Amino acid sequence: MINGSKRVSQPIRWAMVGGGIQSQIGYIHRSAALRDRNFELVAGAFDIDAGRGRAFGEQLGVAPERCYADYSRLFEQEAQRTDGIQAVSIATPNGSHYAITKAALEAGIHVVCEKPLCFTVKEAETLRALAGANDRVVGVTYGYAGHQLIEQARTMIAAGELGDIRMVHMQFAHGFHSAPVEALNQATQWRVDPRQVGPSYVLGDVGTHPLYLSEVMLPELKIKRLMCSRQSFVSSRAPLEDNAYTLMEYEGGAMGMVWSSAVNAGSMHGQKIRVIGSRASLEWWDERPNQLSFEVQGQPAQILERGMGYLHPNALLDDRIGAGHPEGLFEAWSNLYYRFALAMDAADRGDHRALSSISYPNIEAGFEGVRWVERCVESADKDAAWVTY
Ligand code: NAD
């Protein structure tokens, strides 16, 4: 179990390229990297707009002289410092991943890059060779692979609990781009622009996520050949696809299928993986991440819950909160601490108007809980008599 004490010897001096104030994924990187204090945010080139990036970096607590106008200056000037950055996360639109990753590796910096890492196998080979030659780590944020139940599935499959693997059905099919929303939404505009995303939209943007889940769960399964049919249901997106079906034949005869879509109207996220063996199947759905469905042919289906003692020890190692609590707990607690801080700040400034406008479980909430318990005990001790509240 991770309780915040499992740390690297010294927090890694870390920077971000992209992930600026208006970005979708920047906060998720910071929240993940900073949670266990294994990383320390010390520098960045956070935005395509240098001024906005600097202002945001300063808001994040980064020293003004370490908020750079662009990634070239970030790598160049950090290299001059004795306390320069050791790692960088790249959360920019896809078209810049290759150049920034290459520059970081050439500067001897570890990289965490958003997917897709780059556009061509040739570029990927270059990055792999550079990372190897410079002995640097490259991580790619296929984020869902970190969920403990993916490890549980991997262990069960490796132990033969499903029998021989026959089929793998994958999908990441949401509905948010069922209409041409890019007309109004900047973050969607670059996603459907071949100059910025290269040869594909949904295959790279969403399909690669469940594909990686299958690689984690089934490391022995190797694709022998595949066929893909793709469509642009919003025709202005052509030649980029907003829907695609990929059928794969694995070595050994198993079959796989990936449905990648941004036009699955009504679907919130729709990332699922179902592994089907000769004896049983496993299914995981990212919208209900705490449950892994285990279905043995001829028996009642079982739902394996995150954090429970019956899981494999490896699947418990990375748990932070134990069974029962949903992971939404982190969000709820973060919101409360945010409001506690606002309240303390308002109180310290003597701003009672602001203080009274902040909603949080305050002393009255604490008081009320105590009174309620006291009255309950009083009633119970009187053989469940009515007591005045
Ligand atoms: P976004 O358009 O919302 O934000 C992009 C950010 O990068 C902005 O702050 C922009 O100012 C900044 N930027 C752009 N070019 C830059 C440059 N050259 N230097 C510095 N900053 C620059 O995009 P987003 O939705 O946050 O996506 C960013 C990346 O994250 C994409 O590659 C996307 O595919 C990926 N993504 C991954 C996941 C996931 O689950 N892993 C989810 C969403 C997005």
Side-chain angles (χ1 to χ4, degrees), residues 15-33 41 43-57 59-60 62 66-78 85 88-104 111-119 123 127 138-147 150 172-174 176-177 181-182 184-213 216 240 242 260 262 268-271 286-287 289:
M16 286 194 78
V17 178
I21 191 162
Q22 293 169 347
S23 75
Q24 190 190 128
I25 206 73
Y27 178 67
I28 297 171
H29 278 266
R30 288 186 289 279
S31 149
L41 183 63
F46 297 98
D47 206 295
I48 190 74
D49 178 319
R52 197 169 54 193
R54 173 164 290 113
F56 184 54
Q59 268 186 43
L60 294 173
V62 175
R66 297 180 83 176
C67 297
Y68 299 95
D70 57 55
Y71 71 86
S72 307
R73 278 178 254 203
L74 166 73
F75 299 149
E76 198 182 289
Q77 292 181 29
E78 284 293 310
I85 57 167
V88 64
S89 289
I90 300 164
T92 56
N94 305 359
S96 53
H97 293 177
Y98 173 69
I100 304 174
T101 302
K102 186 163 175 286
V111 175
V112 174
C113 185
E114 266 303 344
K115 47 89 237 189
L117 180 61
C118 49
F119 291 159
E123 288 174 347
L127 296 179
V138 176
V140 182
T141 37
Y142 293 122
Y144 291 91
H147 200 280
I150 303 302
F172 195 153
H174 67 78
F176 283 91
H177 301 161
V181 291
E182 54 269 32
L184 297 172
N185 182 334
Q186 251 190 341
T188 312
Q189 262 158 34
W190 66 255
R191 284 181 160 81
V192 295
D193 177 353
R195 286 166 304 181
Q196 301 215 50
V197 295
S200 101
Y201 168 32
V202 289
L203 289 162
D205 198 51
V206 292
T208 50
H209 277 283
L211 180 74
Y212 182 67
L213 294 184
V216 175
L240 296 184
D242 51 22
S260 314
M268 287 304 292
H269 219 223
Q271 181 178 204
D286 72 359
E287 292 178 36

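Bear in mind that the values here come from a model prediction, so they are computed numbers and not experimental data. Every heavy atom of this structure was used, including side-chain atoms; hydrogens, water molecules and symmetry mates were not. Numbers here are sequence positions counted from 1. When a ligand or atom number is given, it counts from 1 through the structure's own listing order.
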Novice: Does Ser96 approach ligand 1 within less than 4.0 angstrom via side chain, backbone, both or neither, non-hydrogen atoms only?
Specialist: neither
Novice: Among all protein heavy atoms in this structure, tell me which lies nearest to atom 10 (C) of ligand 1, with the distance rounded to 0.1 Å.
Specialist: Ile48 N, 4.0 Å
Novice: Using a 4.0 Å heavy-atom threshold (strictly under), name the region of Lys115 that reaches ligand 1: side chain, backbone, both or neither.
Specialist: both
Novice: For atom 8 (C) of ligand 1, find the nearest protein heavy atom and state the residue, atom name and distance (0.1 Å precision).
Specialist: Ser23 CB, 3.9 Å
Novice: What protein heavy atom is closest to atom 44 (C) of ligand 1, reported as residue, atom name and distance in Å?
Specialist: Arg191 NH2, 3.3 Å
Novice: Where is the nearest protein heavy atom to atom 16 (C) of ligand 1: which residue, which atom, and how far?
Specialist: Thr92 CG2, 3.6 Å
Novice: Tell me the protein heavy atom at minimum distance from atom 20 (C) of ligand 1, and give that distance in Å.
Specialist: Ala45 O, 3.4 Å
Novice: With sequence neighbours left out, write down each residue that passes side-chain hydrogen bond (donor to acceptor under 3.5 Å, both in side chains) with Asp286, or none if nothing qualifies.
Specialist: His269, Gln271
Novice: Mind checking whether Ile100 has an N or O less than 3.5 Å away from an N or O of ligand 1?
Specialist: no
Novice: Give yes or no for whether the N/O distance cutoff of 3.5 Å, strictly under, is met between Asn94 and ligand 1.
Specialist: yes
Novice: Scan Asp205, Asn94, Thr141, Thr208 and name whichever one has a side chain to side chain donor-acceptor pair (under 3.5 Å) with Lys115.
Specialist: Asp205
Novice: Which atoms from ligand 1 have a heavy atom of Gly19 less than 4.0 Å away?
Specialist: 6 (C), 7 (O)
Novice: If only atom types and distance count, is the side chain of Gln196 paired as donor or acceptor with the main-chain N or O of Arg191 below 3.5 Å?
Specialist: no
Novice: Examine the proximity of ligand 1 to Glu114 and report which part, side chain or backbone, both or neither, has a heavy atom under 4.0 Å away.
Specialist: side chain
Novice: Contact between Glu123 and Lys102 at the side-chain level, heavy atoms closer than 4.5 Å - yes or no?
Specialist: no
Novice: Within less than 4.0 angstrom of ligand 1, does Tyr144 place any heavy atom?
Specialist: no
Novice: So, regarding Asp47 and ligand 1 (criterion: nitrogen or oxygen to nitrogen or oxygen, under 3.5 Å), is there a contact or not?
Specialist: yes
Novice: For Asp70, which part has a heavy atom under 4.0 Å from ligand 1: side chain, backbone, both, or neither?
Specialist: neither
Novice: Tell me if a side-chain donor or acceptor on Glu114 pairs with a main-chain N or O of Ile90 at a distance below 3.5 Å.
Specialist: no
Novice: Go through ligand 1 atom by atom and flag the ones less than 4.0 Å from a non-hydrogen atom of Asp205.
Specialist: 34 (O)
Novice: Please identify each residue that fulfils side-chain hydrogen bond (donor to acceptor under 3.5 Å, both in side chains) with His177, with sequence neighbours left out.
Specialist: Tyr201
Novice: Can you tell me the protein heavy atom closest to atom 19 (N) of ligand 1 and the distance?
Specialist: Val17 CG1, 3.9 Å
Novice: Students should be able to answer this: which protein heavy-atom is nearest to atom 14 (C) of ligand 1, and at what distance?
Specialist: Pro93 CD, 3.3 Å
Novice: With a cut-off of 4.0 Å, which atoms of ligand 1 are near a heavy atom of Thr141?
Specialist: 41 (N)
Novice: How far is atom 3 (O) of ligand 1 from its nearest protein heavy atom, and which residue and atom is that?
Specialist: Gln24 N, 3.0 Å
Novice: Does only the side chain of Trp190 get under 4.0 Å from ligand 1, or the backbone, or both, or neither? Count heavy atoms.
Specialist: side chain
Novice: Please determine if His97 has a nitrogen or oxygen closer than 3.5 Å to a nitrogen or oxygen of ligand 1.
Specialist: yes
Novice: Indicate yes or no: does an N/O atom of Gly26 lie under 3.5 Å from an N/O atom of ligand 1?
Specialist: no
